Amino acid sequence: MNSEQEDLHEVALKGHLSGKIRGSQAFSYVDIDLEPGESLTTETDAMSSMDADVDLTAAFNGGFFSGLARKFFGGESLFISRFTNNTDQSRRVTFVQPNPGEIRCKTLNDETLYLQPGAYLASSDGVKLGLSWAGFISFISREGLFRLKVSGTGDVFYGAYGALLEKEVDGEYIVDTSHLVAYEPGVSLKLQLAGGLFSSFFGGEGLVTRVEGQGKIVVQSRSISGLAGWLNPKF
Amino acid sequence: MNIELLHRPGNTAAKVTLQPGETCTAESGAMIAMSGHMEITTTTHKKKSGSLLKAVKRVFSGESIFLNHFEPTDKPGEVFFGTDLAGDMIDLTLDNENLIVQSGSFLACEDSIDIGFGWQGFKTLFSGERVFWLNLKGSGKVVLSSFGAIYPVEVDGEYIVDGGHIVAFNETLDFSISKAGKSWIHSFLGGEGLVCKFKGKGTVWCQSHNPGSFGPLLTPNLRARKA
């Protein structure tokens, strides 16, 4: 039996974990080769396939109460999965996000990154997950009342629906609501109308998020609520 | 029969070129465009041998009751196939062997392949996969489709695939329903629940994404239909 399957558009990881992000921007999935003793933490049900002798343990997402908080306010699950390679050879774990779209890896070096609800996918040891108050402005702009704070030293994987666009912000920048995925701590969120009162509500943009400060922001090219809004009138 | 896969992996279409006398069998509804001189025959089984029993079995496996057979009349012709969900396709060449295919992933095959019914036992009820599978038997080319990218895993020993991610596997592999890791409790709390464990030597083709995970993400945003 032969297959002409070749790997399309793969990105080798350069951080702490070894592996590749495969499947192009449309359908990214991540192959991680865990070295003996290495561990990987993912959100629940992210694993799609793995070597049978990799150990899986479920743990509360950073303790019971903060796990609960993250579930109800952070849009993440109560439990997280921890995959550990207790064998003496390299073992593979493949994981993916539930929606089609791009996955990226960010290697933190004693840094902090804020992720929007649902964007977190996986991380290596050394990355700490926390929840922090994002404010009512974030809530009104449909970005969630809380945001996930990932900090420490290690790799963090996050994903979105559609492709991911990166933008270095210096000053202010405008992002449509529900399109923001991640931003660095130097950036803060403000809410405003896209244009004047007329163009904001008739031009289809409505409220937008204004980001201010200095740092990198990551924006998704599509949004699930946009897809649902398009589908709804059709049924 | 020549198969060309275009625009992989996001929006794949299969371009099949047929010589006179060659026939390609496809899942009904898969054709998106074709040459004008292509002749279509619709049967419940292989061309010229309709079997109602096999068709009924195919319905159980989530496929449609009818299969379409494409044959160019006097000169070579081409036909394009596509799927409802965005994703990747693969083409495989079977050499007198059996391939178990997750129903729904089958797209098209050469006429020489027999499309049967692959009963994998009641265990599949619990795996998040369908109970009935297709069994492709014989020699020839096969095109399979998926939601997301397709990656092959060469199994030698044991390998775990989460339910809903299987596209196809060699019949040489034995599969059972199991847990991920060592503990049942952790497997459930970790959201993996029951997974499929493959044993033996062979290849299993996985789809990177799972329609069953994307659906629940989308549905809370959809409004209920007004009856």
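Residue numbers start from 1 in every chain, and the chains themselves are labelled A, B, ... in the order their sequence lines are given, proteins ahead of strands. Owing to the predicted nature of the structure, the values given are computational and were not obtained by experimental measurement.
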More than 12 heavy atoms of other residues, nucleotides or ligands under 6.0 Å from CG of B:N11: is that the case?
no
Between CG of B:L222 and CD1 of A:I224, what distance do you get to the nearest 0.5 Å?
10.0 Å
Tell me, for A:T94 versus chain B, whether the close heavy atoms (under 4.5 Å) come from the side chain, the backbone, both or neither.
side chain
Does B:V195 reach the side chain of A:M50, with side-chain heavy atoms less than 4.5 Å apart?
no
Below 4.5 Å from any heavy atom of chain B, which atoms of A:Y161 appear? Answer side chain, backbone, both or neither.
side chain
Within-4.5 Å side-chain heavy-atom neighbours: B:H165 and A:V96:
yes
Angle between ring planes, A:Y29 versus B:Y151, binned at 30° and 60°: parallel, tilted or perpendicular?
parallel
Search all heavy atoms of B:H209 against all heavy atoms of A:Q97 and return the closest pair with its distance.
CD2-O, 3.5 Å
Does any backbone or side-chain atom of A:A26 lie under 4.5 Å from a heavy atom of chain B? Answer side chain, backbone, both or neither.
side chain
With sequence neighbours left out, the residues meeting side-chain contact (heavy atoms from CB on, under 4.5 Å) with A:D51 are A:D53, A:V54, A:R91, A:R92, B:Y159
A:P98 and B:F214, any side-chain heavy atoms less than 4.5 Å apart:
no
How about B:D162 and A:S49: do any of their side-chain heavy atoms sit closer than 4.5 Å?
no
Between the OG1 atom in B:T219 and the CG atom in A:L231, the distance rounded to the nearest 0.5 Å is 11.5 Å
Distance-minimising heavy-atom pair for B:S213 and A:D45
OG-OD2, 4.1 Å
Closest contact, heavy atoms only, B:F147 versus A:P100:
CZ-CG, 4.0 Å
In Å, rounded to the nearest 0.5 Å, how long is the span from CD1 of B:I166 to OG of A:S48?
11.0 Å
How about B:K137: does its NZ atom have over 12 heavy atoms from other parts shown lying under 6.0 Å from it?
no
For B:D84, does the CG atom sit with more than 12 other heavy atoms under 6.0 Å from it, leaving out its own atoms?
no
How would you list, by chain and number, every residue that makes a side-chain contact (heavy atoms from CB on, under 4.5 Å) with B:I32, sequence neighbours excluded?
B:A13, B:F80
